[in-house]
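In what follows, residues are counted from 1 in the order of the sequence shown. All values below were derived from every heavy atom in this structure, side-chain atoms included, with hydrogens, water molecules and symmetry-related copies excluded.
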Amino acid sequence: MKQKIKWGILGPGRIARAFAEGLRHTPEAELTAIGSRSLERAREFSHEWEVPQVFGSYEELASSSSVDAVYVAIPHSEHHDAVVLCLRNKKSVLCEKPLGVNAKQVGSMIQTAREEGVLLMEGMWSRFPPMMEKVRELALSGSLGEIRLLQADFGFLPKDKNPAGRLYNPNLAGGSVLDLGIYPLSFASMIMGSPTDFATLATMGETGVDEQASCILKYANGAHALLNSSLQCQSAQEAFLAGTKASLRIHKQCWKPQKISIHWHESDQLEEMSMPFAGNGFNYEARHFGELINLGKKESDIMPLSESLSICETMDGLRKAWAMKYPFED
């Protein structure tokens, strides 16, 4: 019999609210606890989302016997220590992307998860909606032919350009690539695997983080991926696959996939498909994670740890090419 997963959330911010909304559309899940370093903020979140248990520290939530799984929703710079803390307390951990700031951190998390025999997954929620399952099926089955070119972008202009906020603050691992560019990078990884070479350019902001970035990834078969991220403008927010048999476009927003169009080359026919979300999309990720727990699995086959590590290695390479290093990195 499947158990109902009791969730705790670390961090009462915007993304935590999105995940809490997703859990409302996940019958197999129950939001049990909220943890924050600010007891006042945790209480506010508790009142808003009717969460029964409130903790004024990460340690209290991690050690709670009434929590099965923890969703880590705090700034990028804090992911590593919070994830390791929860894993050491034998809690299954779903960590909002990026899993870690760099490959060294991700490798440490993976090692800890395997030492403790506990489930760990990066929260790349865009992989789990039904439409992305369809895209994955079409691309990986060969229906589109051999994929030779992939294009994807994610850019928007924040209303509040607060230099101390998580998007621009280097102490919080800010910048466009870790926050937005990881979506195109993850999409390319899902379809094309790990790149063998790359070229990249970035526009750095006043705080020293990348506000706009572009890269071309090359793969062993000669295929290319052209990827963009920006905190300076709103981009098309689409993704495009060019195969030898057909091309496929994920319409805006590609990281929240609900509509695609396929151009079949031989028949010159255009096919459109739509799959609206049930819930807000985070429910698909939460359901998948709950199924992994109930099956006793320690890793996801849709978002495997080796791929999270590979994506982070690519981001490390991009930042190295820009000579961009966060203050807390070795």
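- With respect to the salt-bridge test (charged N to carboxylate O, under 4.0 angstrom), the residues K161 and E206 do not qualify.
- Scanning for side chain to side chain donor-acceptor pair (under 3.5 Å) contacts around R24 gives an empty result, with sequence neighbours left out.
- Between the CD1 atom in I191 and the CG atom in L140 there is a gap of 5.0 Å [rounded to 0.5 Å].
- For E30, there are no side chain to side chain donor-acceptor pair (under 3.5 Å) partners, not counting sequence neighbours.
- The backbone N or O of L292 sits nowhere less than 3.5 Å from a side-chain atom of N294 that would complete a donor-acceptor pair.
- Considering only residues two or more places apart in sequence or on other chains, H265 meets the side chain to side chain donor-acceptor pair (under 3.5 Å) condition with none of them.
- Sorted by first and then second residue, the salt bridge (Lys or Arg N to Asp or Glu O under 4.0 Å) pairs with a member in residues 282-295 read E28-R287; sequence neighbours excluded.
- Side chain of H76 to main chain of A173: a donor-acceptor pair is present (N/O by atom type, distance under 3.5 Å, no hydrogens or angles).
- With a 6.0 Å radius and a threshold of 12 heavy atoms from other residues, nucleotides or ligands, K4 has its NZ atom above the threshold.
- The closest donor-acceptor contact from the side chain of S64 to the backbone of E60 lies at 3.5 Å or more, if one exists at all.
- Note that the OG1 atom of T314 and the CZ atom of R319 stand 12.5 Å from one another [nearest 0.5 Å].
- Contact check for H288 versus M303: no side-chain heavy atoms found under the 4.5 Å cut-off.
- Contact record, A113 with L120: CB-CB, 3.8 Å, taken as the closest heavy-atom pair.
- Considering only residues two or more places apart in sequence or on other chains, F187 meets the ring-ring contact (aromatic ring centres under 6.0 Å, His included) condition with none of them.
- The side chain to side chain donor-acceptor pair (under 3.5 Å) analysis of residues 117-129, with sequence neighbours excluded, yields the pairs E122-S308, W125-Y183, R127-S186, R127-E307.
- At least one side-chain heavy atom of L94 sits less than 4.5 Å from a side-chain heavy atom of W7.
- In the hydrophobic cluster analysis, where Ile, Leu, Val, Met, Phe, Trp and Tyr join through side-chain heavy atoms closer than 4.5 angstrom, V135 is grouped together with M273.
- Residues V67 and A33 approach most closely at CG2-CB, 3.9 Å, considering heavy atoms.
- The two atoms that bring T26 and A286 nearest to each other are OG1-CB, 4.1 Å, heavy atoms only.
- For R88 and E115, the salt-bridge test passes: some basic side-chain N is under 4.0 Å from an acidic carboxylate O.
- A donor-acceptor pair under 3.5 Å is absent between the side-chain atoms of H251 and the main chain of Q258, judged by distance alone.
- Using the six-membered ring where Trp is involved, Y71 and F19 have ring planes that are parallel, under 30° apart on the 30 and 60° scheme.
- Taking 4.5 Å as the limit, every side-chain heavy atom of L305 sits out of range of all side-chain heavy atoms of M109.
- Put simply, the side chain of K91 gets close to the backbone of A62: a donor and an acceptor are under 3.5 Å apart.
- Applying the ring-ring contact (aromatic ring centres under 6.0 Å, His included) criterion to Y58, with sequence neighbours excluded, gives no partner residue.
- D316 contributes a side-chain N or O that, together with a main-chain N or O of A103, makes up a donor-acceptor pair within less than 3.5 Å.
- P170 places a side-chain heavy atom less than 4.5 Å from the side chain of T207.
- Nearest approach of A139 to I147, heavy atoms of both residues: O-CG1, 4.5 Å.
- One N or O on the side chain of D210 and one on the backbone of S176 form a donor-acceptor pair closer than 3.5 Å.
- Atom-to-atom distance recorded for L185:CG and S229:OG is 7.5 Å, nearest 0.5 angstrom.
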Sequence neighbours left out, cut at 3.5 Å: what donor-acceptor pairs do the side chains of residues 218-226 make with other protein atoms?
unit_1, atom_1, unit_2, atom_2, d
N221, OD1, A223, N, 3.0
N221, ND2, E146, OE2, 3.2

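- Residue L10 is not grouped with residue F282 when hydrophobic side chains (ILVMFWY) are merged at heavy-atom distances under 4.5 angstrom, including chains of intermediate members.
- S247 places no side-chain N or O within donor-acceptor distance of the main-chain N or O of L241, the cut-off being under 3.5 Å.
- Linking ILVMFWY residues whenever their side-chain heavy atoms come closer than 4.5 Å, directly or via other members, places I9 and I5 in the same cluster.
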### Query
Does the pair I260 and M131 meet the rule for a side-chain contact (heavy atoms from CB on, under 4.5 Å), with working shown?
CA-CA 8 Å; I260 64 172; M131 182 57 80; 3.6 Å; yes
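- Looking at heavy atoms from C-beta onward, M315 lies in side-chain contact with I182 at the 4.5 angstrom threshold.
- A salt bridge links K134 with E137; the closest basic N to acidic carboxylate O contact falls under 4.0 Å.
- Using a cut-off of 4.0 Å between Lys/Arg side-chain N and Asp/Glu carboxylate O, K259 and E238 are scored as not salt-bridged.
- Other residues, nucleotides and ligands contribute at most 12 non-hydrogen atoms within 6.0 Å of the CD atom of E266.
- Take Y168 and apply the side chain to side chain donor-acceptor pair (under 3.5 Å) test, not counting sequence neighbours, and it matches no residue.
- Smallest separation of non-hydrogen atoms from T200 and S214: OG1-O, 2.8 Å.
- The OG atom of S194 lies 10.0 Å from the CG atom of L217; values are rounded to the nearest 0.5 Å.
- I15 and L172 sit in two unconnected hydrophobic clusters of ILVMFWY residues. Membership requires side-chain heavy atoms under 4.5 Å apart, directly or through other members.
- Judged by distance alone, with hydrogens and angles left aside, the side-chain atoms of R166 form no donor-acceptor pair with the main-chain N or O of G174 at under 3.5 Å.
- Residues L85 and E59 are in side-chain contact: their nearest non-hydrogen atoms beyond the backbone lie under 4.5 Å apart.
- Follow the hydrophobic side-chain contacts under 4.5 Å out from L318 and you reach L167 in the same cluster.
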Tabulate below the donor-acceptor pairs under 3.5 Å that side-chain atoms of residues 151-159 make, not counting sequence neighbours, or state none.
unit_1, atom_1, unit_2, atom_2, d
D153, OD1, S235, OG, 2.4
D153, OD1, A236, N, 3.2
D153, OD1, Q237, N, 2.6

### Message
Checking S141 against S143 for the side-chain hydrogen bond (donor to acceptor under 3.5 Å, both in side chains) test, could you report, in this order, the C-alpha distance in whole Å, the side-chain angles of both residues, the deciding distance, and whether it holds?
### Response
CA-CA 6 Å; S141 68; S143 297; 2.9 Å; yes
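- Within the structure, ring-ring contact (aromatic ring centres under 6.0 Å, His included) pairs that include any residue of residues 294-330 comprise Y326-F328 (at least two apart or interchain).
- The NZ atom of K252 lies 4.0 Å from the CD atom of Q234; values are rounded to the nearest 0.5 Å.
- For H25 (side chain) and N280 (main-chain N/O), no donor-acceptor pair under 3.5 Å exists by modelled atom type.
- Taking every heavy atom of both residues into account, C86 and V93 meet most closely at CB-CG2, 3.5 Å.
- Between the CG atom of L119 and the NZ atom of K298 there is a distance of 7.5 Å, given to the nearest 0.5 Å.
- The closest side-chain donor-acceptor pair between T32 and S66, if any, does not fall under 3.5 angstrom.
- Applying the side chain to side chain donor-acceptor pair (under 3.5 Å) test to every pair with at least one member in residues 97-106, sequence neighbours left out, gives these pairs: N102-E329, K104-D330.
- The shortest distance between side-chain heavy atoms of C254 and F240 does not fall below 4.5 Å.
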